[in-house]
Structures are given as structure tokens and as C-alpha cells.
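Every heavy atom of this structure was used, including side-chain atoms; hydrogens, water molecules and symmetry mates were not. Protein chains get the first letters and strands the later ones, always in sequence-line order, with residue 1 at the start of each.
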Amino acid sequence: MLDPKLLRYAPEVVADGMRRRHTVIDLDVLTTLEERRRAALSRVETLKAERNAVSQQIAALKKRKEDAGGHITAMRRVGEEIKRLDEEASGIEVEFTELLMAIPNIPDAGVPDGEGAADNVVVRAWGEPTTFDFSAKPHWELGAALGLLDFERAARIAQARFSLLWGAGAALERALMNFFLNLHTREHGYTEVWPPFVVAPESLRASGQLPKFEEDLFRLREGLYPAPTSEVQLTNLHRDEILDGATLPRYYTAYSPCFRAEAGAAGQESRGLIRQHQFDKVEMYKFTTPETAMDELESLVADAEAVLQRLGLPYRVVLLCAGDMGFSAVKTYDLEVWMPGMGKYVEISSCSNCGDFQARRGGIRFRREPGGKPELLHTLNGSGLAIGRTWAAIAENYQQADGTIRVPEVLQAAMGMDVMK
RNA sequence: GGAGGGGUGGCCGAGUGGUUGAAGGCGGCGGUCUUGAAAACCGUUUCCCGAUUUCAUCGGGACGGGGGUUCGAAUCCCUCCCCCUCCGCCA
């Protein structure tokens with residue numbers, strides 16, 4: 001959520017941010033509502049001040065056993081007026097907050113202009129795109145031929161867009177989860193978290209999925225939602241808390257399955273494991289002070305890159321343009337892994353600095369020093385990495401002429417094999 | 001799922017309709033004393049919103065959340081959430 005004070009004191013900053021995002025909002029409606037909110041508040045507060053004062057007089061009179069009937073009759077009318085104005089004020093407040101909650105974050109000045117993926121900027125690449133002296137196959141063909149990947153039975157058990165892994169295929173998924181978590185906890189300083197996999201609507205509001213993106217989510221009958229990413233759980237780890245500034249930055253990492261309904265998204269470009277209703281992911285998350293957040297974003301990206309480097313997977317780092325960024329982000333880098341079978345780079349990690357956007361929604365604050373004033377902290381999140389897509393990248397990059405798949409060296413001990421065949 | 005009990009400040013814990021943002025204690029912070037420390041003693045110690053001559057003052061709000069009763073609610077009523085105990089069920 002944006003700072004409401006921005007609307008009042010720097011509406012042009014909001015307008016410019018929305019322009020850069022190619023998001024159309026009616027700023028006037030919002031600023032008008034904000035003014036009405038304050039006007040209603042000051043009216044009702046004046047009356048409440050009167051009521052409080054007279055109530056004390058009544059108490060004093062009663063203590064002395066004197067008559068307070070006149071005051072009580074007068075206050076009865078004031079009370080009715082307060083009730084009416086209170087309802088009006090809270091109605092405006094709710095309307096204002098709902099509108100504000102649907103407005104995306106303002107892009108950082110360092111984010112390039114642009115409308116969509118085509119305008120993103122490649123900032124660096126690692127490794128050469130893998131080439132073969134035979135014709136490379138996509139991972140879904142490799143996986144199906146080796147009996148590792150089974151979409152037909154997954155659809156029977158659940159529905160289209162779910163996947164089923166067999167044998168070494170399942171073991172690879174499990175080995176990747178362990179490898180990622182071990183790397184981040186043992187070498188990158190993250191604390192491991194095993195969260196609930198379903199979340200309450202309030203949690204989704206704090207991280208930014210609600211109220212605007214309900215159609216992307218599954219929902220349980222109980223009103224809970226299977227989490228679309230553990231960014232949600234990690235954001236809410238400290239919701240409504242005031243952290244000791246001396247404990248920042250805090251680094252957390254969590255595995256979770258992720259569930260996305262994505263009703264609108266059906267397309268040919270998302271075959272295989274690339275876009276599923278359920279996928280596994282290890283997420284990295286940081287709570288930081290405002291002044292260190294941008295540096296922390298760089299090191300977050302480096303932590304995700306380390307995973308790809310150890311797996312020997314060629315990738316490039318892309319700085320997203322303003323029009324392509326997610327709702328809550330101030331600045332985002334995507335890591336795109338090379339998929340020789342598909343013949344293109346595919347997003348495998350997205351690392352964002354969300355500034356104070358989620359912190360304001362979730363009431364996540366810190367004190368610089370004991371007794372200091374609470375301030376909103378900054379939050380960052382990044383995939384480290386998407387496991388299904390890593391599975392696919394390994395299959396495509398480590399495939400051999402006979403259709404078997406070599407196991408990356410760092411996974412061989414955990415897998416107990418060096419070739420999947 | 002059934003029955004019962006309970007949710008008050010960083011923590012413990014008083015408070016059942018009228019200066020109670022909330023006794024007392026612990027913890028924290030500052031001070032006195034002390035060579036130093038401890039003890040003792042004194043003081044201090046929440047957050048949000050709004051206004052203004054904006055770091056200071058004033059006003060409003062918050063005792064799990066929301067709603068109601070009332071001139072007035074931490075205190076009474078309704079509802080939801082959470083925690084505890086016992087029973088049932090269960091990986």
C-alpha cells in the first residue's frame with residue numbers, strides 16, 4: 001500500500017509512477033476521498049471531545065448526588081449524532097483503503113521505462129547457452145520417454161496442469177529442494193522456515209495478492225487459500241510486530257508447494273513443467289532497513305545466481321521495466337535460465353525489493369534504537385529457485401544423445417546416481 | 001467434533017459501568033548512594049489517527065477483532081477469532 005500522505009503532499013509522484021507502470025487510476029477520486037475522510041474525522045472528533053468532557057461533569061455531579069438530567073438529555077442527542085458521523089467516517093475510510101489497496105507500488109527511479117517483457121534490460125549473462133551435436137529435446141519429451149514425468153496420470157488424479165513425477169524424477173525434485181535450502185542456510189545466512197501451506201485472506205492482503213488478484217488463487221471452502229508462493233507466509237512472519245532494529249537485516253528461506261489457479265492464463269507457450277497449478281519453490285526473504293534495501297536486493301540476486309552456477313546452468317539476469325513488474329515491487333530482477341530444448345531463456349527466479357509497500361499493509365515495523373519511534377521496514381523476496389523449472393532446465397541442459405539425462409555433480413550424492421535413464 | 005475455562009501494557013497480574021491508558025510487581029531506561037558493582041531509594045517506561053504556529057502542544061481512538069446497550073464500557077449483551085483443560089477422532 002502506498003503512503004496516504006503521498007496522495008496529499010505529492011500526488012504527482014503517484015501519477016508519474018502509475019504512468020510508468022501503464023496503470024490507469026483515477027487519482028482525483030482518491031484525493032477527494034482522502035480529504036473527505038479527514039473532514040469527517042475532525043467533525044466526529046470534535047463531538048467526541050464534547051461528550052467526554054460532559055460525561056466527566058455527569059460523573060462529578062452524580063458523585064455529589066446532584067441532578068445531571070439536563071446534561072444526560074443533551075448528550076443523548078450528541079451521542080446519536082456521533083453514531084451517525086462515525087458510520088459515515090468509517091464508510092469513507094473503508095472505501096478509501098480498498099481503493100488504495102488496489103494501487104500498485106511506485107517503480108524505483110533506477111527501473112527502466114517500458115511496457116512489457118520486450119522492454120526489459122539484460123544486465124549480465126553467465127555461461128554459454130548449451131549446444132548439442134544432436135537435436136535437443138524439450139524436457140517434457142525427455143521426461144516422458146524416461147518415465148520420470150507423467151502428465152496424463154496427474155490429470156486423472158487431479159486435473160490438467162498438474163504434474164506427477166516417478167522414481168528418479170521425484171528424487172530429483174526432492175534433491176533440489178534440499179540442495180537449495182542447504183545452500184541458503186549453510187552458506188548464505190538464511191534461517192529456515194517450514195510454514196503452513198494455506199494462508200488466511202489477511203495474509204494475502206499484506207503481501208499484495210488480495211484484494212486485486214483473487215482470480216489467480218485457489219480457495220478452500222473454509223475461506224483459506226493454498227499459498228500461491230511462500231512469499232506470502234514469509235511476509236506475514238512478522239505481521240503487526242515491531243522488530244528491534246539491531247536484528248535487521250533478517251534473512252529467511254522456506255520451501256513450499258505453490259498453488260495458482262491463474263484462470264485467465266492458458267497458452268501454448270507454457271507446456272511441460274513451466275506453468276502448473278501446483279509447483280514447488282524455495283523462497284528467500286529479507287526484512288531490512290530502508291537504507292540497505294537496494295544493496296540487499298543485489299545480494300539476494302547473487303544468492304539466487306549461486307544456485308544456478310553450482311548446477312552449471314547458463315542464465316542471464318534481467319532488470320524488469322516498469323510496465324512488467326509485479327504489483328508490490330519497487331524494483332525486480334528476473335533470472336532466466338537457458339532451455340536448449342525449448343530454445344529460449346525461461347524465468348526461473350524473480351527477486352524484488354518491495355520497499356515499505358508490504359510492510360505498510362502488514363504493519364511490519366522496526367525501532368532503530370530502544371525507545372525510538374517505530375518505522376516501516378523494507379521487504380525483499382526472491383525465488384531460490386523454482387524447483388519444477390530447475391528440474392526442466394536440468395533435463396534440457398544435461399540431456400544426452402540417447403535421451404538419458406546426466407545428474408549435475410552437486411546432486412549426485414543425494415540422488416545416488418549420475419545418470420537418469 | 002463435544003464439554004468447560006480463559007484472552008488486560010515488553011512480561012506477570014489487579015480491575016464488573018464514571019478522570020483507569022489502566023493499581024501492584026517484574027523487566028527496561030535515567031538518577032541518588034558507592035572506589036566500582038549489587039542492594040536500597042527516587043523518577044520514567046504503549047501504539048495509531050487527526051489538527052496546528054510540526055519534533056511541540058491539543059484532540060480522538062485502542063484492554064483479542066467486530067457489532068450492540070448506555071449520557072458514559074476494560075467492565076453488560078451478541079458475534080467471530082485465538083489459547084488452555086478433559087473427552088472423541090486421527091497422520
Side-chain angles (χ1 to χ4, degrees), chain A residues 1-10 30-101 194-206 210-211 219-225 233 236-248 257 356 358-377:
Chain A
M1 189 165 76
L2 297 181
D3 184 351
K5 290 202 165 66
L6 267 185
L7 291 170
R8 218 168 126 194
Y9 297 115
L30 220 54
T31 51
T32 305
L33 215 49
E34 204 274 336
E35 278 166 35
R36 282 179 55 209
R37 170 178 148 271
R38 277 183 294 124
L41 216 52
S42 100
R43 276 202 305 277
V44 76
E45 284 180 1
T46 306
L47 280 182
K48 282 184 179 175
E50 183 188 346
R51 180 178 70 182
N52 288 345
V54 176
S55 281
Q56 285 188 11
Q57 287 174 31
I58 294 172
L61 287 172
K62 289 225 169 181
K63 196 166 270 176
R64 282 182 265 128
K65 304 258 193 270
E66 290 174 27
D67 177 51
H71 283 318
I72 290 177
T73 313
M75 281 308 100
R76 192 168 292 152
R77 266 197 301 281
V78 171
E80 280 162 13
E81 183 68 0
I82 286 173
K83 190 174 167 183
R84 196 180 64 74
L85 288 173
D86 246 346
E87 275 167 17
E88 185 189 323
S90 70
I92 295 170
E93 178 82 45
V94 166
E95 195 184 343
F96 176 68
T97 305
E98 284 309 296
L99 276 176
L100 199 56
M101 288 287 274
W194 196 277
F197 296 152
V198 298
V199 295
E202 301 78 61
S203 293
L204 291 156
R205 286 175 69 87
L210 289 181
R219 183 164 67 176
L220 305 178
R221 197 182 44 213
E222 289 76 9
L224 297 168
Y225 297 80
Q233 292 95 315
N236 285 276
L237 231 34
H238 295 302
R239 176 150 55 96
D240 294 323
E241 288 185 36
I242 301 174
L243 303 180
D244 175 358
T247 67
L248 299 180
D356 63 12
Q358 293 178 323
R360 184 173 290 106
R361 291 173 160 244
I364 316 168
R365 294 172 295 167
F366 76 104
R367 267 187 245 274
R368 277 180 200 276
E369 42 217 79
K373 208 172 143 52
E375 295 173 53
L376 293 172
L377 46 71

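When the C1' atom is compared between B:A37 and B:U45, the two are found 24 Å apart, to the nearest whole Å. Comparing B:G60 with B:A73, their P atoms sit 13 Å apart, to the nearest whole Å. Nucleotides B:C63 and B:G9 have their P atoms positioned 10 Å apart, rounded to a whole Å. Here the separation of B:U75 from B:A38, taken at their P atoms, is 42 Å to the nearest Å. Rounded to the nearest Å, the gap between the P atom of B:G24 and that of B:C87 is 42 Å. The separation of B:C29 from B:C81, taken at their P atoms, amounts to 41 Å, rounded to a whole angstrom. Rounded to whole Å, the P atom of B:U44 lies 16 Å from the corresponding atom of B:U57. The P atoms of B:G64 and B:G88 are separated by 33 Å, rounded to the nearest whole Å.
Phosphate proximity of B:U54 to A:K5: absent, as no side-chain N or O sits under 4.0 Å from OP1 or OP2. Within the structure, every side-chain polar atom (N or O) of A:R365 is placed at least 4.0 Å from both OP1 and OP2 of B:C47. The side chain of A:R51 places an N or O atom within less than 4.0 Å of a non-bridging phosphate oxygen (OP1 or OP2) of B:G72. When the side-chain nitrogen and oxygen atoms of A:N52 are compared with OP1 and OP2 of B:G60, one or more of them lie within a distance under 4.0 Å. Phosphate contact (OP1/OP2 of B:C47, side-chain N/O of A:R367, threshold under 4.0 Å): present.
Checked by distance alone, A:E45 brings no side-chain donor or acceptor within 3.5 Å of a matching partner on the base of B:G50.
No side-chain heavy atom of A:L220 sits under 4.5 Å from any side-chain heavy atom of A:Y225. Taking the side chain as every heavy atom from C-beta outward, A:D86 and A:K83 never approach each other to under 4.5 Å.
Base pairing of B:U52 is made with B:A56, judged by Watson-Crick or G-U wobble geometry with both donor-acceptor distances under 3.5 Å. B:G18 is paired with B:C71 under the criterion used here, namely a Watson-Crick or G-U wobble arrangement in which both key atom distances are under 3.5 Å. Pairing of B:G30, defined by two Watson-Crick or G-U wobble distances under 3.5 Å, is identified with B:C42. Across all strands shown, the partner of B:C86 is B:G2, judged by Watson-Crick or G-U wobble contacts whose two distances both fall under 3.5 Å.
Here A:R36 lies out of heavy-atom contact (under 4.0 Å) with every strand.
Between the A:Q233 side chain and the A:V199 main chain, no donor and acceptor come within less than 3.5 Å of each other. Checking side-chain atoms of A:R361 against main-chain N and O of A:R205 turns up a donor-acceptor pair under 3.5 Å. Within the 3.5 Å criterion, the main-chain N or O of A:L376 finds no donor-acceptor partner in the side chain of A:D356.
Scanning both residues, A:E50 and A:V78, for their nearest heavy atoms gives OE2-CG2, 4.1 Å.
In terms of position on RNA chain B, the residue among A:E50 and A:R76 whose nearest nucleotide sits closer to the 5' end is A:E50.
The separation between A:L85 atom CG and B:G50 atom P is 18 Å, rounded to whole Å.
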